Q: 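First the structure, then my questions, so here it is.
Values below: all heavy atoms of this structure, side chains included; hydrogens, waters and symmetry mates excluded. Here is how names work: the chains are called A, B, and so on, in the same order as the sequence lines, proteins then strands, and each is numbered from 1. Only a predicted model underlies this, so the values are computations on that prediction, with no experimental measurement involved.
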2 protein chains.
Amino acid sequence: MSFYDFLQNEGIQIEKDIGEHIFRQGDVDTSLYFINSGLLKAYYLSDEGKESIKSFLSHKDIIGSLASAYLGEPCSFGLLCLQPTRLTKISFSALREYSHKDVSVANEVIDVLLQFSMKKEKREFEFLCLSAEQRFSLLVKNTPHLIEKITQNDLARYLGVTPVGLSRIKKRVYESDLLS
Amino acid sequence: MSFYDFLQNEGIQIEKDIGEHIFRQGDVDTSLYFINSGLLKAYYLSDEGKESIKSFLSHKDIIGSLASAYLGEPCSFGLLCLQPTRLTKISFSALREYSHKDVSVANEVIDVLLQFSMKKEKREFEFLCLSAEQRFSLLVKNTPHLIEKITQNDLARYLGVTPVGLSRIKKRVYESDLLS
DNA sequence: CATACGTTTTAACCTCGGTTAATGCGTGTT
DNA sequence: AACACGCATTAACCGAGGTTAAAACGTATG
């Protein structure tokens with residue numbers, strides 16, 4: 001038994017179109033979602049209406065609200081399709097039950113969580129140690145394909161600046177590129 | 001068999017004094033450390049000499065470089081004692097071996113990783129969505145005991161501002177508190 | 001006591017990014 | 001073709017925080 005067998009056996013296939021939500025901020029959703037294809041954004045919405053993007057998700061990513069699945073809290077963020085998306089929905093508690101019975105599934109879950117933790121540590125590092133301009137340049141270097149698929153509004157809200165701010169950053173970066 | 005049995009049986013007790021390092025940025029260290037007592041800071045040092053503090057660690061926290069333990073990379077941050085500290089050092093790979101043999105240990109590791117992931121997501125949220133002033137106010141509210149133990153220099157580098165900046169933020173916050 | 005060292009505050013100046021608003025640029029849609 | 005709508009850029013103004021340096025505090029240590 002493996003994690004992917006679990007996905008096959010226990011997962012529910014879901015298809016969503018552009019603009020549709022998987023869940024909304026404030027919902028209780030105790031599922032995890034494995035993305036087969038498409039593109040989504042996980043985003044926070046403040047009381048004042050300011051949107052901030054937590055992450056973009058695509059093929060092979062796994063997403064869900066841990067606080068909701070693990071603690072039963074309402075989701076602190078929403079999950080929205082930017083492209084038509086096929087996902088496999090699984091129950092977090094069912095996965096935990098399997099993990100208690102099956103040591104190899106448990107260890108695959110550990111691997112998933114280790115990958116996830118390292119990803120979050122990397123983002124923490126970027127916010128803590130780098131400027132918005134450095135975060136932008138790094139993103140251009142590391143995931144140029146992603147940048148082509150999303151609007152600059154969304155890219156800005158992912159980097160933690162406004163669209164106006166990102167436009168200025170781009171101008172600075174590309175002008176200094178011309179000199180070198 | 002439980003995770004704490006593992007700590008007892010396989011762990012090595014370590015004592016360190018103020019100013020001593022557990023490991024330095026750039027080292028390869030494939031251990032995890034359980035903190036019995038004391039206080040540490042995990043911190044990044046940039047090429048230009050700028051320090052940024054990733055986290056403060058104390059009683060019952062677990063720390064280690066995942067990238068180093070899991071992938072064998074050099075540690076991207078260092079770990080330094082701010083108070084005399086007693087730790088239990090365990091081998092990451094030994095823990096992984098135990099997890100492969102013992103389903104209950106594996107599931108405790110899952111719990112540890114879930115807690116860790118939620119902590120990192122919370123910090124991501126704070127950098128992405130909140131101002132330095134809001135992060136400071138939240139820290140005062142949530143962990144007032146920590147603030148008494150560390151210098152304002154370290155607090156600033158944890159919040160992602162300079163000590164000068166934090167001094168201004170404090171002044172603003174306390175002056176607006178007087179009014180209410 | 002005197003000195004030295006680290007911490008915190010304050011001040012002056014500057015830079016980056018936020019805000020608002022106007023303009024221009026696609027790309028549908030009717 | 002005309003219009004509307006969302007996206008991107010630009011400009012003007014503002015504010016938060018960075019930088020540098022000085023001053024005000026401790027609190028060790030000789």
Side-chain angles (χ1 to χ4, degrees), chain A residues 17-19 39 41 43-53 56 80-84 126-140 146-178, chain B residues 17-19 39 41 43-53 56 80-84 126-140 146-178:
Chain A
D17 227 338
I18 296 178
L39 183 66
K41 68 174 174 187
Y43 69 102
Y44 297 103
L45 213 50
S46 77
D47 296 339
E48 298 82 39
K50 184 188 149 208
E51 178 182 331
S52 305
I53 297 182
F56 297 104
L80 175 70
C81 291
L82 300 178
Q83 294 293 325
E126 289 168 2
F127 276 120
L128 181 60
C129 304
L130 306 182
S131 66
E133 180 174 328
Q134 289 173 310
R135 293 198 296 276
F136 170 71
S137 296
L138 207 57
L139 199 69
V140 169
L146 176 66
I147 293 172
E148 291 160 20
K149 289 191 201 128
I150 61 181
T151 65
Q152 246 165 82
N153 280 353
D154 278 346
L155 182 55
R157 286 165 194 138
Y158 175 76
L159 292 170
V161 297
T162 61
V164 179
L166 178 55
S167 178
R168 281 189 290 235
I169 288 171
K170 275 183 66 178
K171 197 178 172 185
R172 272 210 310 273
V173 168
Y174 290 137
E175 274 174 5
S176 76
D177 269 4
L178 291 181
Chain B
D17 228 337
I18 296 178
L39 183 65
K41 69 174 174 186
Y43 69 102
Y44 298 103
L45 214 49
S46 77
D47 296 338
E48 297 84 38
K50 185 188 148 208
E51 177 183 332
S52 305
I53 297 184
F56 298 103
L80 175 71
C81 291
L82 300 179
Q83 294 293 324
E126 288 168 2
F127 276 121
L128 181 61
C129 303
L130 306 182
S131 66
E133 179 173 328
Q134 289 173 309
R135 294 198 295 277
F136 169 71
S137 297
L138 207 56
L139 200 68
V140 170
L146 177 66
I147 293 171
E148 292 161 21
K149 289 191 202 127
I150 60 181
T151 66
Q152 247 166 79
N153 281 353
D154 279 347
L155 183 54
R157 286 165 194 137
Y158 175 76
L159 291 171
V161 297
T162 61
V164 179
L166 177 55
S167 178
R168 280 190 291 237
I169 289 171
K170 274 183 66 179
K171 197 177 171 185
R172 272 209 311 274
V173 168
Y174 290 137
E175 275 176 5
S176 76
D177 269 5
L178 293 180

Q: Rounding to a whole Å, what distance do you find between B:Arg172:CZ and C:dT9:P?
A: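 From B:Arg172 CZ to C:dT9 P: 14 Å.
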Q: Given A:Tyr158, which partner from the list A:Tyr43, A:Phe56, A:Tyr44 fulfils the ring-ring contact (aromatic ring centres under 6.0 Å, His included) test?
A: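 Single pass found, and it is A:Phe56.
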Q: Would you indicate whether the side-chain heavy atoms of A:Leu155 and A:Leu146 approach each other to under 4.5 Å?
A: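 With C-beta onward as the side chain, the pair stays apart.
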Q: Which of residues 161-171 of chain A have a heavy atom under 4.0 Å from DNA chain C?
A: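 Only A:Val161, A:Thr162, A:Val164, A:Gly165, A:Arg168, A:Ile169 qualify.
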Q: Give the rounded distance in Å between these two atoms: CZ of B:Arg135 and P of D:dG17.
A: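 Answer to the nearest Å: 8 Å.
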Q: How many angstroms lie between CZ in A:Phe127 and CZ in A:Arg135, if you round to the nearest 0.5 Å?
A: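 CZ of A:Arg135 is found 5.0 Å from CZ of A:Phe127.
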Q: What is the distance, to the nearest angstrom, from the CD atom on B:Gln134 to the P atom on C:dG18?
A: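 Taking atom P of C:dG18 as the reference, CD of B:Gln134 is at 14 Å.
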Q: Scan nucleotides 25-30 of chain C nucleotide by nucleotide, 5' to 3', and note B when protein non-hydrogen atoms come under 4.0 Å of the base, S if they reach only the sugar-phosphate, - if neither.
A: ------
Q: Looking at C:dG6, I'd like to know if its phosphate oxygens (OP1 or OP2) sit under 4.0 Å from a side-chain N or O belonging to B:Gln152.
A: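 No, no such contact exists.
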Q: Mind calculating the distance between CG (B:Leu130) and C1' (D:dA16) to the nearest angstrom?
A: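 The distance from CG of B:Leu130 to C1' of D:dA16 comes to 15 Å, rounded to the nearest Å.
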Q: Could you tell me if the side chain of A:Leu39 sits less than 4.5 Å from the side chain of A:Cys81, heavy atoms only?
A: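 Contact flag for A:Cys81/A:Leu39 side chains = no.
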Q: As an exercise, state the distance from CD1 of B:Ile150 to CD of B:Gln83, rounded to the nearest 0.5 Å.
A: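 Atom-to-atom, B:Ile150:CD1 and B:Gln83:CD are 11.0 Å apart.
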Q: In whole angstrom, what separates B:Leu155's CG from C:dG6's P?
A: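 Those two atoms, CG and P, are 20 Å apart.
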Q: Would you mind reading off the distance between B:Lys50 atom NZ and D:dT20 atom P, rounded to a whole angstrom?
A: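 After rounding, the gap between these two atoms is 13 Å.
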Q: Just verifying a value: how many Å separate A:Glu133 CD and A:Leu166 CG, rounded to the nearest 0.5 Å?
A: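 A:Glu133 atom CD to A:Leu166 atom CG measures 11.0 Å (nearest 0.5 Å).
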Q: Within this structure, what is the CD1-SG distance for the pair B:Ile53 and A:Cys129, rounded to the nearest 0.5 Å?
A: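 Between atom CD1 of B:Ile53 and atom SG of A:Cys129 there are 10.5 Å.
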Q: What is the distance, rounded to the nearest whole Å, between atom CG of A:Leu159 and atom P of C:dG17?
A: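 After rounding, the gap between these two atoms is 11 Å.
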Q: Can you see if the side chain of A:Asn153 gets near the phosphate of D:dA8 - specifically, an N or O under 4.0 Å from OP1 or OP2?
A: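 Checking D:dA8 against A:Asn153, a side-chain N or O does come within under 4.0 Å of OP1 or OP2.
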Q: What's the CD1-P distance between B:Ile150 and C:dT7, to the nearest Å?
A: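 That distance rounds to 12 Å.
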Q: Which heavy atom of A:Gln152 sits nearest to which heavy atom of A:Lys170, and what is that distance?
A: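 Distance-wise, the nearest heavy atoms are NE2-NZ, 2.7 Å.
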Q: Do the rings of B:Tyr174 and B:Phe136 sit parallel, tilted or perpendicular, given the 30° and 60° boundaries?
A: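 If you compare the ring of B:Tyr174 with that of B:Phe136, the planes turn out perpendicular.
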